[in-house]
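As structure tokens, the structure follows; a few thoughts come after it.
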Amino acid sequence: MQRLNEMPRTARSTGALIAVLAWAFGCVHALGAPVRTFKPGEHPRLYFWREDIPKLRAMMTDTRKSAYGGVTGAALTADIIKKADHFLTLKSVKAKSGTIVPLNPPDGGPPYLDDRPGIPNEWWMSSVERTARPAIEAMVTAYLLTGERKYADRAIAICNAMLDWPKWWDSAGYKHVWHGTQEHVYQVAYVYDCLFDELQRRGLTAKYQRAMIEKAIIPLVKYARGPSLFGKMGTIQKTSRGERWANKDSAMTASIGIGALVLLGDVPGMEPHVEFAVDRLRQWSDEPLSEAGIDGLSVEGAMYSAYGFYGPFRFAEALFHAAGDRRVYDLATIRNNPVAMLYTTVAEGERIVGADGVERPEGVGHFNWSASDRISRSSGLCTMMLLQQRLRDPAARNACRLILRTLGNPLETWETHRLPVFMQLMAFDPTEPLAAVEPAEKSLLLPNAGYAVLRSGFYDPDTVALMLRCGRLGCKFRHSQNALKLHAFGRWFLAGGGYSAPQHSAAYSTLLLDGKSQIPRPVEDGHRIDASLTPALDYARGVLTGVYPLEDEQNTFSREVMFVAPGYALLRDTVNGAREVASLFQPARATIGAARRVEKAEVVARDERGFTLRNGPVDLRVRFLAPAMRAVEFTKPNECFPVGDADAKKPWRHAIIAHAFPREDKRHELLTLLCPEKRDVPQGVRGEVIRTATGGIAGVKVTSNAAEDFVAFADTDTIAGDARVMMVRRDGSRFALVYGRSLSVSGRPWLTLGARGGAGFARENGVWVGAVELETPADVTVRLPQTVRAVELNGKPLAARWWHYDSARQVLTIRSLPHGRTRVSARTAP
């Protein structure tokens, strides 16, 4: 098979001009794997080949149900045609701000709506994204299904107006290529690809080719190479705000690839642009410091990771389908993104019964520091359906299935007006999918993105999930270091403020120091996040240095989260360099479900010991263990607490503040217990501070209806060791140490590591399960009261020569455990 640079270069009627423009912005790359050879005019091909059209039309009478979604092929195609019929006669639509916008774009370019009174920050792009692209895609797809020319005529009429615009991005007051450009590329490429015969019959192909090159490929490549944002030849550089690979950058790169790919064989000089896009996405995936690279999650947050992932996915599918080229699908970020999205996705809303009879909450939202929203409004459920068919990585495929299982809603209830209708057809799969299995790890650290996600499970409606953020910048440049989000039993409790919140840390559940929020600038070395995640205890810590504008420029704020799933979470906040400290909580305001129901976490009680948030049948009890703090609720827009940045005059939407007593030594230690519970099943969780001989805080005793835990930061009468945090349940069924070597209980060695690290074990269903993380290979000894019969490491049996159980001492020794993280399972006698 021929490579991309060996494809025919037969110029069409645009002649030498297009060739010059294309090659002028081309770049030399080592081209990729062998791909299919394109012939001039061979369309469609990006998502369907000509031979696929009869298969699509056969779906119109297919009464089998899709494995995910429970909708038949006949119902799906009928819905697409219904949407297309709606757009055939639609003259105008209502934009997000309420502005009436004509569906047929005006001549001379789009109006920029910012200059209209009462309509701030409104772009034409937002209207195009919500109306023109879905309308065009619905009508083009309806034409493929029915062959009726009326759909093609209307789609071409809308698209043709855009071809005459002087540029494909917002005009007045905005200097950069933006999302509108990518949206235009997607819709123009889809029309050019699927309606090529119609365009050729009307003599329009050259016009589409010229517009794609002059108004998309050339400005996008120039912008991608520009020194203002990136280095020469597409090398990733830091931006002026410390951001790497935001959603617009990945979508922009994917648009270059799609725009060039659809013109291959028709226009000379497109091959280098396809390779340029592949190379930039490879950098996005492989760059060690990239916020999106290793983790598969963008610095901008979960929802924006989904949106930023959608562009590369669309390009990956086009490149794979059209050319048989898997290079983008095989990138680490593409594989990791579904896993990251799984951990940062929570089910929310009222309980419903899915197509498979399983009861689940309605809708899915993202853990995020911007506009928390349903996954179907960003990367899309169809993306997950296609990925679980395309990816070769088992963990990534299973993550897609788990997200789909979490949803459980029929396809017709999804917000399909934002999803490409052709992807619904591509994702239709009437075969029975493989069973989804929960990942072995319930919690996950995403260090490059700066997130620690602590969970009790996944698609279980009673999942409790927390997220600690300590990374570069917050989503959409929100300064929310060491902020906490919490979701429990299908309900939001602590969440960020969303788009309309101020852009300072006063919009999130973190701390204010001396009445000031965090500095609104990139923090290069002033933060770090780490975690020790075990079945007994999930621990995460974020450390900040010098991020508050205080007299002491080396002020520090350390937040430790200790989560014992699903019962409670203990916060330990340590501050140096501030006289006054205020603990801030941002109650959730979420919009749920297809009916867009507003869900609120309301304060129902508060005193000097804490407060209670209520959301439906679920409560979150927040107790201040040390020191005693009175919670004050701010609900009115004019009740704005003073902050220390440029956004000081912006009011909070809603907040709860608890003040600690000022300290002259500027050293504070705050302990807060978070207890989510269903009111009809109260857990009775209580916390009691354990003091040292000198009056300091040694730890906390947490009791509930079913258990009693000791969480210690120093030696107590019960626990001793050298770890940062130690935890043991009174009955011995759970124990853990965090960043140390030893843990003793009542003078008896309980857990000993031959090298510094973290470890924790819990007894579940008659099996001891644990996790050990070591800095260097070492032996590990664990006290287990039952005789051990077999040991597994990471799910594989461990040979007897590598472990020994001393029945007299009731101690299991595992020899030469490798460095890094290892899952351990010990099966004991009945």
Side-chain angles (χ1 to χ4, degrees), residues 46-48 66-69 76 186 247 250-251 253-254 257-258 278 281-282 284-285 292-298 302-345 364 366 374-409 411 414-416 418-439 444 446 458-459:
L46 292 187
Y47 307 105
F48 306 108
S66 176
Y68 289 117
L76 175 58
Y186 295 159
N247 70 82
S250 59
T253 304
I258 290 174
V278 172
L281 291 176
R282 185 184 295 113
W284 178 48
S285 180
I294 299 173
D295 296 335
L297 192 65
S298 169
M303 188 195 73
Y304 279 92
S305 295
Y307 181 81
F309 176 70
Y310 167 68
F313 161 74
R314 188 160 176 161
F315 177 46
E317 179 61 26
L319 189 63
F320 171 63
H321 184 271
D325 189 332
R326 290 193 57 98
R327 284 178 296 164
V328 177
Y329 266 135
D330 290 339
L331 293 176
T333 295
I334 299 293
R335 298 195 307 270
N336 292 346
N337 181 272
V339 177
M341 292 307 304
L342 171 64
Y343 279 87
T344 57
T345 296
V364 165
H366 294 305
R374 297 179 67 184
I375 193 171
S376 57
R377 291 176 63 86
S378 47
S379 65
L381 307 181
C382 292
T383 302
M384 294 299 166
M385 296 174 84
L386 276 170
L387 279 172
Q388 67 93 21
Q389 299 172 29
R390 300 288 192 265
L391 292 177
R392 295 186 285 199
D393 182 82
R397 295 181 66 189
N398 189 59
C400 298
R401 297 188 191 106
L402 270 170
I403 291 175
L404 292 167
R405 179 169 177 177
T406 303
L407 289 161
N409 290 346
L411 189 64
W414 299 347
E415 297 180 4
T416 54
R418 291 289 301 278
L419 297 177
V421 291
F422 66 87
M423 283 191 180
Q424 298 176 44
L425 294 176
M426 294 165 63
F428 180 77
D429 180 9
T431 61
E432 187 66 26
L434 298 175
V437 180
E438 281 206 10
L444 186 67
L446 299 166
F458 292 91
Y459 54 77

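Scope of the values below: all heavy atoms of this structure, side chains included, with no hydrogens, waters or symmetry mates.
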Exercise. Would you call M426 and H321 a side-chain contact if the rule is heavy atoms closer than 4.5 Å?
Worked result: no

Exercise. Which is it for V278 and L319 under the side-chain contact (heavy atoms from CB on, under 4.5 Å) test, yes or no, and what are the steps along the way?
Worked result: CA-CA 10 Å; V278 172; L319 189 63; 3.9 Å; yes

Exercise. Just how far is it from atom CZ of F320 to atom CG of D330, taken to the nearest 0.5 Å?
Worked result: 9.5 Å

Exercise. How long is the gap from CG on N337 to CG on L331, to the nearest 0.5 Å?
Worked result: 12.0 Å

Exercise. CZ of R282 to OG1 of T333: how many Å apart, nearest 0.5 Å?
Worked result: 12.0 Å

Exercise. How far apart are the closest heavy atoms of A427 and Q389, and which atoms are they?
Worked result: O-NE2, 3.3 Å

Exercise. Under the 3.5 angstrom rule, does the side chain of R390 hit a backbone N or O of R326 as a donor-acceptor pair?
Worked result: no

Exercise. Is there a donor-acceptor pair under 3.5 Å between the side chain of N398 and the backbone N or O of V437?
Worked result: yes

Exercise. Closest approach of F315 and A254, non-hydrogen atoms and distance?
Worked result: CB-CB, 3.9 Å

Exercise. What are the two closest heavy atoms between P338 and I403, and how far apart are they?
Worked result: O-CD1, 4.0 Å

For this session: Can you see which heavy atom on M423 is nearest to which on Y310, and at what distance?
Result: CE-CE1, 3.9 Å

Exercise. Could you state the interatomic distance from CZ (F309) to CG (L387), rounded to the nearest 0.5 Å?
Worked result: 4.5 Å

Problem set entry | Flag side-chain contact, heavy atom, 4.5 Å: F422 against L46 | no

Seminar exercise, completed: Between Y186 and G311, the two heavy atoms sitting closest are OH-CA, 3.4 Å

For this session: Might you work through the side-chain contact (heavy atoms from CB on, under 4.5 Å) test for Y343 and L446, ending with a clear yes or no?
Result: CA-CA 10 Å; Y343 279 87; L446 299 166; 5.7 Å; no

Problem set entry | Minimum heavy-atom distance between L342 and P439, given as atom pair plus value | CD2-CG, 3.9 Å

For this session: Supply the atom-to-atom distance I334 CD1 to L281 CG, rounded to the nearest 0.5 angstrom.
Result: 7.0 Å

Exercise. If only atom types and distance count, is the side chain of R397 paired as donor or acceptor with the main-chain N or O of R392 below 3.5 Å?
Worked result: no

